[in-house]
Amino acid sequence: MSAAELTTEQRNPATDDLDRLTALEFVKVVNREDAGIAAAVAAEAPAIARAIERIAASLAAGGRLIYVGAGTSGRLGVLDAAECPPTFGTDPRQVVGLIAGGSRALTTAVEGAEDSAEQGRTDLQAIAVSAADTVVGITASGTTPYVIGALEQAMAVGAGTVAISCNPDSPVASMAGIGISVVTGPEVLAGSTRMKAGTATKMVLNILTTGAMVRLGKTFGNLMVDLKAGNRKLRARSVSMVCDATGLPAAEAEMLLDSADGHVKAAIVCARLGVNVDEARRRLRNAGGRVRAALQTPGDSTG
């Protein structure tokens with residue numbers, strides 16, 4: 001596809017006089033353009049749901065979710081991967097983010113890195129991509145060679161493939177097993193896909209990982225019960241979750257959480273069933289880590 005064919009590269013007639021606007025007028029026009037992003041994401045709901053199921057299946061079977069992108073798209077993938085361990089207690093190796101140009105490209109533009117399809121293939125080979133994995137290629141244009149090469153390598157080994165782009169009928173959408181095309185239209189600043197396209201991409205990534213983690217039992221209701229309490233804020237959140245899920249006062253919830261070595265799931269099962277920590281952990285193991293199932297698992301109380 002040529003640049004002229006990409007909606008993300010076209011000029012937006014609603015912002016032709018961008019340089020004449022006051023700061024307030026500028027804010028309003030950007031906000032007006034952003035208002036359509038949620039609807040564009042909603043239009044791809046069926047494809048996003050299929051991707052959630054595919055990602056969850058990979059993770060449940062011991063595979064990985066691997067994001068691949070360049071520039072803003074790559075940074076958003078790395079960001080989403082980095083947020084999974086503290087939010088959902090995942091092993092850092094389960095959700096991986098690759099960016100064209102490597103780690104230096106996270107803070108500095110590495111010009112030309114995205115133009116190499118071979119590098120996309122090589123980077124996936126370097127982390128031993130396999131049929132157990134799901135590879136999500138992220139590219140606003142839908143034409144980035146680095147992402148195309150990575151998806152080709154993923155398909156060559158039988159991995160699941162998902163493509164996220166912001167143009168209709170893009171090359172990556174047609175080649176991937178699941179294509180997610182969130183058509184956000186011309187940018188406020190022509191070609192600046194860190195804006196509407198970037199926002200849409202972040203929304204989709206949030207849905208993908210959160211949806212997959214919910215499917216894997218990483219939540220209880222809407223509580224992120226597998227978080228890792230690595231600071232005071234998260235420690236307080238853990239106590240609050242135990243309170244919400246059990247009705248215990250904060251002091252008792254904190255004591256119970258301490259006895260469970262900070263494991264929110266175990267603390268909830270202990271309180272809800274009146275069992276000791278070892279029994280709570282046993283029930284959780286038998287229930288595949290799912291709190292709701294653990295609360296319904298038959299078994300004699302040992303505490």
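Keep in mind it's a predicted model, so treat the numbers as computed, not measured. Throughout, residue positions are numbered sequentially from 1 according to the sequence presented.
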Name each donor-acceptor pair under 3.5 Å that joins a side chain in residues 150-158 to protein atoms two or more places apart or in another chain, with its distance.
unit_1: E152; atom_1: OE1; unit_2: R121; atom_2: NH1; d: 2.6
unit_1: Q153; atom_1: OE1; unit_2: Q125; atom_2: NE2; d: 3.2

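Scanning for side chain to side chain contact (heavy atoms under 4.5 Å, CB included) contacts around N231 gives K233, L234, with sequence neighbours left out. Legend: residues meeting salt bridge (charged side-chain N to carboxylate O under 4.0 Å, His left out) with D123, ordered by chain and number and at least two apart, are absent.
For residues 101-115, no residue pair satisfies the salt bridge (charged side-chain N to carboxylate O under 4.0 Å, His left out) rule, not counting sequence neighbours. For residues 206-225, every residue pair satisfying the salt bridge (charged side-chain N to carboxylate O under 4.0 Å, His left out) rule, not counting sequence neighbours, is listed here: E53-R215, K218-D226.
Tracing side-chain contacts under 4.5 Å through hydrophobic residues (I, L, V, M, F, W, Y), one never reaches L59 starting from V214; they form parts of separate clusters. The same ILVMFWY cluster, assembled from side-chain heavy atoms under 4.5 Å apart, contains both L76 and I37. Following chains of ILVMFWY side-chain contacts shorter than 4.5 Å, one cannot reach I66 starting from I52, and the two form parts of different hydrophobic clusters. There is a path of hydrophobic side-chain contacts, each under 4.5 Å, that joins L65 to F88. Cluster membership check: V162 shares its hydrophobic cluster with V41, using side-chain heavy-atom separations under 4.5 Å among Ile, Leu, Val, Met, Phe, Trp and Tyr.
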Dump the intermediate steps for side-chain contact (heavy atoms from CB on, under 4.5 Å) on R235 and E254, then the final yes or no. CA-CA 9 Å; R235 168 70 178 181; E254 188 163 12; 3.2 Å; yes
Let's go through I207 and K202 carefully: what are the C-alpha distance in whole Å and the side-chain angles of both, what is the deciding distance for side-chain contact (heavy atoms from CB on, under 4.5 Å) to 0.1 Å, and is it a yes or a no? CA-CA 9 Å; I207 296 170; K202 177 57 175 165; over 6 Å; no
Walk me through it: do C243 and V239 pass the test side-chain contact (heavy atoms from CB on, under 4.5 Å)? CA-CA 6 Å; C243 293; V239 173; 4.2 Å; yes
Using the rule given for side-chain contact (heavy atoms from CB on, under 4.5 Å), can you reason through I138 versus L205, listing the C-alpha separation, both sets of side-chain angles and the distance that settles it, and then say yes or no? CA-CA 10 Å; I138 313 168; L205 298 184; 4.0 Å; yes
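The existence of a salt bridge linking D34 and K196 is excluded, since no basic side-chain nitrogen approaches an acidic carboxylate oxygen closer than 4.0 Å. Look at E279 and R282 and you find a salt bridge, because one of the NZ, NE, NH1 or NH2 atoms lies within 4.0 Å of a carboxylate O, short of that distance.
Put simply, the side chain of R237 reaches to within 4.5 Å of the side chain of M224, judged on heavy atoms. Counting heavy atoms from C-beta on, the side chains of S58 and R64 never come closer than 4.5 Å. Proximity of N206 to D80: side-chain heavy atoms (C-beta onward) are separated by under 4.5 Å at one or more points. Contact of the Q94 side chain with the C84 side chain is not registered, since no non-hydrogen atoms from C-beta on lie closer than 4.5 Å. L98 is listed as a side-chain neighbour of Y146, based on a closest heavy-atom distance under 4.5 Å. With contacts defined as side-chain heavy-atom distances shorter than 4.5 Å, the pair R283/L273 qualifies. At a threshold of 4.5 Å between non-hydrogen side-chain atoms, the residues V30 and E33 do not count as touching. Looking at heavy atoms from C-beta onward, V68 lies out of side-chain contact with V136 at the 4.5 angstrom threshold.
Taking CG from L6 and SG from C166, the interatomic distance works out to 11.0 Å, rounded to the nearest 0.5 Å.
Under a 4.5 Å side-chain heavy-atom criterion applied to ILVMFWY residues, the cluster that includes V78 comprises I99, L106 as well.
In terms of heavy atoms, T139 sits closest to S73 at CA-OG, 3.8 Å. Among all heavy-atom pairs drawn from A81 and Y67, the shortest one is N-CE1, 4.2 Å. Closest heavy-atom contact between L256 and A271: CD2-CB, 3.6 Å. The minimum heavy-atom distance linking A47 with I180 is given by the pair CB-CG1, 4.0 Å.
Looking at R54 and T134, their side chains do bring a donor and an acceptor atom within 3.5 Å of each other.
Each of T184, N12, N167 was evaluated against T7; a single residue qualifies, N167, per the side-chain hydrogen bond (donor to acceptor under 3.5 Å, both in side chains) test.
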